[in-house]
Amino acid sequence: MIEQARAELAEFMEQSGKSQAQIARETSLSTATVSQFLNGTYTGDNEKTAAALMKYLRVAQEQLKQTTTESFYRGLRNTVISMGAAEYAHKKCEIVLLSGAAGAGKTTALKHYVEETTGVIFITANSCMTSASAILGAITEKMGRTPKTKKPLLMKELVNSLQGSKRLIIIDEADHLTFSALQALRNLNDEAGVGILLAGNDRIYNQMVCGVKSSEFDQLRTRIFARPKVCNEYTIEEIKGIFAVEDLESVKLLLEVAQSQSLRTARKMYNAAVELSRIKKQPLKAAHLNTIRKQFLCGV
């Protein structure tokens, strides 16, 4: 098994392009162990190491075979709305609020805007990045600098660096941010003149316009003229543009899941169905989509 593991690992690394350090991270083995095992110079328990690597390869080889075959469809209404929001915030150097249903394609569209445009800083907020200091520090790090420890110093450094740059800062998942963090971004827009795009679910919109503390958001809300929204409503033409399917039954299945669940869920169902059809060595059909739907979505 030792020679088999060594040969299969070497072949997998060539196919995947993964380094010894990457293999080590994914297996919890040290880089030195992986290197020495491949070279035949490891003095530890080679049988145990080979067994661990074979277990890893069983999953990793299958992961390598998986493909994401749906394409980016610029004509998708949510894409047009999201990229238009980014462009408006960028050109006007204003604060824009992009909100709406989760899984409707906001993030995908915004990342394409980043790829196609210069001068954009893209931050994904999370439950550990909620405060003003955290979000300002994340922006500083994205600019390749070491953040200061105090909020006033962070703000001063960012204003000095960004003033007159007419850059765009996109904060995805902005619904995680606290009121103070949103106020800090408003201050950054005021003082540095950069565009700010806040993208998130309906919570961020609701707390600004109709929440219990909506009055606290007045200074921010009154600065936001553009507040576009996306939703999980699609057309047959959009589904055809996103997915490589021709038969109407498959298109209708994907449309139904996209609208009842989310476009993200439909994408995952489609990718799983493509994998199933690959395993069965069959062209993708509605039957594969239905199988995945019943197995993972309880037939919903």
Requested in this report: Check for a donor-acceptor pair, side chain of D172 on one end and backbone N or O of A125 on the other, with a separation under 3.5 Å.
Outcome: no
Query raised in the report: Taking everything shown except R77 itself, do over 12 heavy atoms lie less than 6.0 Å from its CZ?
Result: no
Query raised in the report: Just wondering, are more than 12 heavy atoms of other shown residues or ligands nearer than 6.0 Å to CD in Q15?
Result: yes
Query raised in the report: Do the side chains of F179 and L185 join up, straight or via other hydrophobic residues, at under 4.5 Å, putting them in one cluster?
Result: yes
Query raised in the report: When the ring planes of Y56 and F12 are compared, do they come out parallel, tilted or perpendicular, using 30° and 60° as the limits?
Result: perpendicular
Report summary line: When every non-hydrogen atom of Y205 is compared with those of S99, the smallest separation belongs to CB-OG, 3.7 Å
Query raised in the report: Just wondering, are more than 12 heavy atoms of other shown residues or ligands nearer than 6.0 Å to CD in Q61?
Result: yes
Requested in this report: Could you tell me whether the side chains of S180 and T178 share a donor-acceptor contact shorter than 3.5 Å?
Outcome: yes
Query raised in the report: For V274, does its backbone N or O pair with a side-chain atom of S277 as donor and acceptor, under 3.5 Å?
Result: yes
Requested in this report: Apply side chain to side chain contact (heavy atoms under 4.5 Å, CB included) to M83 and E116, showing your working.
Outcome: CA-CA 11 Å; M83 295 187 77; E116 296 175 1; 3.6 Å; yes
Query - Chi angles and distances behind the side chain to side chain contact (heavy atoms under 4.5 Å, CB included) call for T79, Y73 - result: CA-CA 8 Å; T79 295; Y73 181 51; over 6 Å; no
Requested in this report: To the nearest 0.5 Å, tell me how far L98 CG sits from N78 CG.
Outcome: 9.0 Å
**Report entry** Over all atoms of both residues, closest heavy-atom pair of T49 and Y42
**Finding:** OG1-CE2, 3.3 Å
Query raised in the report: Would a hydrophobic clustering, with Ile, Leu, Val, Met, Phe, Trp and Tyr connected at side-chain separations under 4.5 Å, put L153 with M155?
Result: no
Requested in this report: Please work out which of the three classes, parallel, tilted or perpendicular, describes the rings of F225 and Y88, given edges at 30° and 60°.
Outcome: tilted
Requested in this report: May I ask you to decide whether K18 forms a salt bridge with E26, counting only side-chain N to carboxylate O separations under 4.0 Å?
Outcome: yes
Report summary line: Here the pair of heavy atoms bringing I236 nearest to L248 is CD1-CD1, 4.4 Å
**Report entry** Hydrophobic cluster membership, L297 vs F243, 4.5 Å side-chain cutoff
**Finding:** yes
Query raised in the report: Are S161 and R145 linked by a side-chain donor-acceptor pair shorter than 3.5 Å?
Result: yes
Query raised in the report: For atom CD of E246, is the number of surrounding heavy atoms from other residues, nucleotides or ligands below 6.0 Å larger than 12?
Result: no
Query raised in the report: With distance as the sole test, does H112 use its side chain to make a donor-acceptor pair with the main-chain N or O of A109 at under 3.5 Å?
Result: no
Query raised in the report: Is the shortest heavy-atom distance from the side chain of P147 to the side chain of E141 under 4.5 Å?
Result: yes
Query raised in the report: Is M143 reachable from I135 through a run of I, L, V, M, F, W or Y residues, each pair having side-chain heavy atoms under 4.5 Å apart?
Result: yes
Query raised in the report: Under a 4.5 Å cut-off applied to non-hydrogen side-chain atoms, are L38 and Q20 in contact?
Result: yes
Report task. Please tell me if the side chains of L263 and L76 come closer than 4.5 Å, counting only heavy atoms from C-beta onward. Result -> yes
Query - Working for side chain to side chain contact (heavy atoms under 4.5 Å, CB included), residues Y270 and K268 - result: CA-CA 5 Å; Y270 173 78; K268 291 184 177 182; over 6 Å; no
Report task. Kindly determine whether R25 and T31 satisfy side-chain hydrogen bond (donor to acceptor under 3.5 Å, both in side chains), including the steps that lead there. Result -> CA-CA 8 Å; R25 282 196 297 272; T31 304; over 6 Å; no
Query raised in the report: To the nearest 0.5 Å, how far apart are CD1 in I123 and CG in L177?
Result: 10.5 Å
Query raised in the report: Is any side-chain N of the basic residue among E256 and R293 closer than 4.0 Å to the acidic one's carboxylate O?
Result: yes
Query raised in the report: Hey, does T118 have a side-chain heavy atom less than 4.5 Å from the side chain of V120?
Result: no
Report task. Work out which heavy atom in R223 is nearest to a heavy atom in D190; give both atom names and the distance. Result -> NE-OD1, 3.2 Å
Requested in this report: State, yes or no, whether a side-chain contact exists between C93 and V194 at a heavy-atom distance under 4.5 Å.
Outcome: no
Requested in this report: Check whether any side-chain heavy atom of E173 lies under 4.5 Å from a side-chain heavy atom of N126, and answer yes or no.
Outcome: no
Query - Pairwise side-chain contact, E8 with M54, heavy-atom cut-off 4.5 Å (strictly under) - result: yes
Query - Polar side-chain atom of N46 near backbone of G44 as donor-acceptor pair, under 3.5 Å - result: yes
Query - N/O donor-acceptor pair under 3.5 Å between T140 side chain and L136 backbone - result: yes
Query raised in the report: Are the charged groups of R278 and E62 less than 4.0 angstrom apart, N to O?
Result: yes
Query raised in the report: Which distance, rounded to the nearest 0.5 Å, do you find between the CG of L197 and the CD1 of I169?
Result: 11.0 Å
**Report entry** Side-chain donor/acceptor of D175 to backbone N/O of N201, under 3.5 Å
**Finding:** yes
Query raised in the report: When rounded to the nearest 0.5 angstrom, what is the spacing between CD in E249 and CG in L289?
Result: 9.0 Å
**Report entry** Distance-minimising heavy-atom pair for P228 and A226
**Finding:** CD-C, 3.4 Å
Query raised in the report: Any side-chain heavy atom of E11 within less than 4.5 Å of one from E14?
Result: no
**Report entry** Distance, nearest 0.5 Å, that separates CZ of R6 from CZ of F37
**Finding:** 5.0 Å
Requested in this report: Heavy atoms only: give me the nearest N232-A102 pair and the separation to one decimal.
Outcome: ND2-O, 3.4 Å
Query raised in the report: Do L154 and K150 pass the side chain to side chain contact (heavy atoms under 4.5 Å, CB included) test, and can you show the C-alpha distance, the side-chain angles, and the key distance before you say yes or no?
Result: CA-CA 6 Å; L154 275 169; K150 295 184 178 180; over 6 Å; no
Requested in this report: Could you state whether V257 and F296 fall into the same hydrophobic cluster, counting links through intermediate Ile, Leu, Val, Met, Phe, Trp or Tyr residues with side-chain heavy atoms under 4.5 angstrom apart?
Outcome: yes
Report summary line: Interatomic distance, NZ@K156 vs CD@E191, rounded to 0.5 Å, equals 11.5 Å
